[in-house]
Amino acid sequence: MDPILEVSGLNKRYGDFALKDISFCLPEGCITGFVGINGAGKTTTLRSILGLTNKVSGSIKFFGTDMDGNENKVKDRMGIVLDEGCFYDELTLSEMKNVIAPAYKNWCEQDFTEYLERFSLNPKQKINTLSKGMRMKYALALALSHKAELLIMDEPTNGLDPLVRSQLLNILKDYMAKGGKGVFFSTHITSDLEKIADMLIMIDDGQIVFQEEKDQLLDSCRIIKGSTEKLNPDTRKYFLTIEENAFGFTGITKQTSDVVEHMQDVLIERPTIEDIMLANAERRKKNVV
Ligand code: ATP
């Protein structure tokens, strides 16, 4: 699969916070989730790769083309949904669309009308009367109506109720099925990713912690529960993190075969993406890495 986005050696500083040598690659045909705890650097990374921040070093290639000097050409091929959604509140949905549409070479009025209908949005309604979920759907309708090949979204499910979130996930699946080449979206609602992501990238304190296929990642980790007597300096080394209380311990491991061999009578469970994300963040915080 050809990379649809290649980021290498991206550095960006905001006071005490810095993106440090961010490198990753999005293969074509994948929905990729970008995860990390609050303040990890998800929005800063997305804004930096989209050229919305200044003083960024590193190389960013979309569809094999350098972003530097080709911004307009590249952005024509992307649908972008950012958290704040910059709209003029006094305009109607239709009027705002008339402002935005001419910026895109491949704007498709029919797609836009269909998305508004699908999202039950009234083109005559004013933007300042939209609920948060409606605003997100409107931003998505705009992003999907110019034959974008890559959809980039910052926290699109944030603040949406479960019904709207589930509709959004179905739209993303349909988009890929219709020939979309990739979806890249940041979120800390990891349950959404369990449902649709193919690939996961985790960022923590401005650094990439892992990029892995979701199924592989979930298969490679296990939650282990047992009595604290099972823990000793050797067995503790099998775990990314361990929590202990009066009832025993809960740990996350990538060394399940060692645990099975050396720790009897423990409970082995499948982790969620959230378990893995938090274990990695905690481990890094404790500087065990
Ligand atoms: P969240 O999940 O809370 O949205 P995030 O992973 O998207 O978090 P960022 O918004 O990228 O995190 O923020 C990363 C760090 O960069 C934070 O410490 C934040 O305070 C800092 N930061 C972000 N934007 C700016 C800015 N314009 N000026 C100064 N610092 C900033």
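For ligands, and for the atoms within them, numbers begin at 1 and follow the listed sequence.
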Query raised in the report: Would I196 and M199 show up in the same hydrophobic cluster when neighbours are defined by side-chain heavy atoms closer than 4.5 Å?
Result: no
Query raised in the report: Counting each atom of ligand 1 from 1 as listed, which ones have a heavy atom of H188 under 4.0 Å away?
Result: 2 (O)
Report task. Mark up the atoms of ligand 1 that fall under 4.0 Å of a heavy atom belonging to K42, in ascending order. Result -> 1 (P), 2 (O), 5 (P), 6 (O), 7 (O), 8 (O), 11 (O), 12 (O)
Query raised in the report: Which is closest to atom 12 (O) of ligand 1 in terms of heavy atoms, S186, G41, G206, S48?
Result: G41
Query - Distance flag for atom 26 (C) of ligand 1, protein heavy atom under 4.0 Å - result: yes
Is [X] salt-bridged to [Y], going by a charged N under 4.0 Å from an acidic O?
X: D219; Y: R270; result: yes
X: D275; Y: R222; result: no
X: R236; Y: E244; result: yes
X: D234; Y: K237; result: yes

Protein heavy-atom partner closest to [atom] - residue, atom, separation in Å:
atom: atom 10 (O) of ligand 1; answer: T43 CB, 3.6 Å
atom: atom 9 (P) of ligand 1; answer: T44 OG1, 3.6 Å
atom: atom 14 (C) of ligand 1; answer: G39 O, 3.5 Å
atom: atom 31 (C) of ligand 1; answer: Y14 CD1, 3.3 Å

Requested in this report: Taking the six-membered ring for Trp and the single ring otherwise, decide whether the centroids of F184 and F24 are under 6.0 Å apart.
Outcome: yes
Query raised in the report: Mind checking whether Y138 and Y115 have ring centres under 6.0 Å apart?
Result: no
Query raised in the report: So, does G15 sit close enough to ligand 1 that a heavy atom of it is under 4.0 Å from the ligand?
Result: no
Report task. Determine, using heavy atoms of E155 and all atoms of ligand 1, whether some pair is separated by less than 4.0 Å. Result -> yes
Does any N or O atom in [X] lie less than 3.5 angstrom from one in ligand 1, N or O only?
X: G36; answer: no
X: N38; answer: yes
X: F17; answer: no

Query raised in the report: Between the side chains of D192 and T187, is a donor N or O closer than 3.5 angstrom to an acceptor N or O?
Result: no
Query raised in the report: Backbone, side chain, both or neither: what part of I37 comes under 4.0 angstrom of ligand 1, heavy atoms only?
Result: backbone
Query raised in the report: Side chains of I223 and T250: does their closest heavy-atom pair fall under 4.5 Å?
Result: yes
